[in-house]
Chemist: 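Okay, here's the structure, questions in a sec.
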Amino acid sequence: MLDNNRLRIAMQKSGRLSNETSKLLKNCGLKINLRQQRLIVFAENMPIDILRVRDDDIPNLIMEGVVDLGIIGKNVLEEEVLNRVSKGYNAKYIILRKLDFGICRLSIAIPINKNYLGLKSLQNTCIATSYPNLLKKYLHQHHIKFKFCILNGSVELAPKVGLSDVICDLVSTGATLEANGIKEVEVIYNSQACLVQRYDKISYFKQKLINKLLTRIKGIIQTKTSKYITLHISSKKLK
Ligand code: ATP
Ligand code: ZN
């Protein structure tokens, strides 16, 4: 059983967010060895435990209060929030800070050789996606009726195998879509990684530690986007 007095942070075990997340935690001063295949890693120099899980599990771990903090893409967080709300479960959390990685967008895309005449082209189509809730929210707001088929990976395959001509998937550079003969026609959600805290009350001791980490994270992000300049000038010209 884990010690409840130690701060628990969930991060993606292996995937697009893992490297940047472990770099960030290490830059915050945590001594952790993430090279092992362990699912729980104890920081050697701070009262912090790291849970390494699939990214899709992180929102539930936060909203069920199992972890105090999580680093997760907003796309996955919002998708799970919509899912939980539709089932009547609590879906509360606090975004402490947007992070400078995991930047991508959830977009609708179609085969290059198909015409696109705006959202009305999507009326009564079937759309392949791993994000049914975000897609439903967006298209309902625009009064578009559609069906979806859920694929949990390789969504770009759907047109090739005849599952559906329209897909809704994550895009960063667009290279994967292009390589599969698909073009992006509509951005429905912009996303990036963020640091999320569970909503319910946290002990004074843990909150103090969270604030310390947050100050360090702000500093780390700031130094990446600013330059420190020194120059020599004669004191006569100083004014
Ligand atoms: P897991 O095995 O943990 O479930 P996954 O395959 O679902 O991993 P990844 O492909 O590693 O997830 O993506 C994790 C997150 O990285 C995405 O949810 C998104 O927030 C972000 N991301 C950034 N750029 C991209 C991109 N081009 N394609 C997909 N995800 C991206
Ligand atoms: Zn995932």
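Keep in mind it's a predicted model, so treat the numbers as computed, not measured. Whatever order the structure lists ligands and atoms in, that order sets their numbers, starting from 1. Position 1 is the first residue of the sequence, and the numbers go up from there.
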Chemist: In terms of heavy-atom contacts, does NZ of Lys201 have more than 12 from other residues, nucleotides or ligands at under 6.0 Å?
Modeler: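 Not buried by this count: 12 neighbours or fewer within 6.0 Å.
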Chemist: Tell me the salt bridge (charged side-chain N to carboxylate O under 4.0 Å, His left out) pairs involving residues 71-82, sequence neighbours left out?
Modeler: Glu78-Lys137
Chemist: Hey, is the main chain of Leu17 close enough, under 3.5 Å, to the side chain of Gln12 for a donor-acceptor pair?
Modeler: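 It does hold such a pair.
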Chemist: Testing Glu184, Lys183, Glu186 for side chain to side chain donor-acceptor pair (under 3.5 Å) with Ser107, which one passes?
Modeler: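 Of Glu184, Lys183, Glu186, side chain to side chain donor-acceptor pair (under 3.5 Å) with Ser107 is met by Glu184 alone.
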Chemist: Determine, step by step, whether Val53 and Ile58 satisfy the side-chain contact (heavy atoms from CB on, under 4.5 Å) criterion, reporting the C-alpha distance in whole Å, the side-chain angles of both residues, the deciding distance to 0.1 Å, and the verdict.
Modeler: CA-CA 7 Å; Val53 294; Ile58 296 177; 3.5 Å; yes
Chemist: How many angstroms lie between atom CG of Leu157 and atom CD1 of Ile182, to the nearest 0.5 angstrom?
Modeler: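 One gets 8.5 Å once the value is rounded to the nearest 0.5 Å.
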Chemist: Quick one: closest heavy-atom pair of Ile210 and Leu7, and the distance?
Modeler: CG1-CD1, 3.7 Å
Chemist: Which side chain to side chain donor-acceptor pair (under 3.5 Å) pairs, counting each pair once, include a residue from residues 150-166, with sequence neighbours left out?
Modeler: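 Every side chain to side chain donor-acceptor pair (under 3.5 Å) pair that includes a residue of residues 150-166, provided the two are not neighbours, is Lys114-Asp165, Lys160-Asn180.
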Chemist: If you count heavy atoms of other groups shown closer than 6.0 angstrom to NZ of Lys26, is the number above 12?
Modeler: yes
Chemist: Quick one: table the atom pairs, ligand 1 N or O against protein N or O, below 3.5 Å, distance rounded to 0.1 Å.
Modeler:
| residue | atom | partner | partner atom | Å |
| --- | --- | --- | --- | --- |
| ligand 1 | 3 (O) | Gln12 | NE2 | 2.8 |
| ligand 1 | 3 (O) | Asp55 | N | 3.0 |
| ligand 1 | 3 (O) | Asp55 | OD1 | 3.3 |
| ligand 1 | 4 (O) | Arg54 | NE | 2.8 |
| ligand 1 | 4 (O) | Arg54 | NH2 | 2.8 |
| ligand 1 | 4 (O) | Asp55 | OD1 | 2.9 |
| ligand 1 | 4 (O) | Asp56 | OD1 | 2.7 |
| ligand 1 | 7 (O) | Asp55 | OD1 | 3.3 |
| ligand 1 | 8 (O) | Gln12 | NE2 | 2.9 |
| ligand 1 | 10 (O) | Arg16 | NE | 3.3 |
| ligand 1 | 11 (O) | Gln12 | NE2 | 3.0 |
| ligand 1 | 11 (O) | Arg16 | N | 2.8 |
| ligand 1 | 18 (O) | Asn75 | ND2 | 3.0 |
| ligand 1 | 20 (O) | Asn75 | OD1 | 2.7 |
| ligand 1 | 27 (N) | Arg16 | NH1 | 3.4 |
| ligand 1 | 27 (N) | Ser172 | OG | 2.7 |
| ligand 1 | 28 (N) | Arg16 | NE | 3.4 |

Chemist: Below 2.8 Å, which protein N, O or S atoms neighbour the Zn ion (ligand 2), ignoring water?
Modeler: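 Within the sphere that stays under 2.8 Å of the Zn ion (ligand 2), the protein atoms of type N, O or S are Asp55 OD1, Asp56 OD1.
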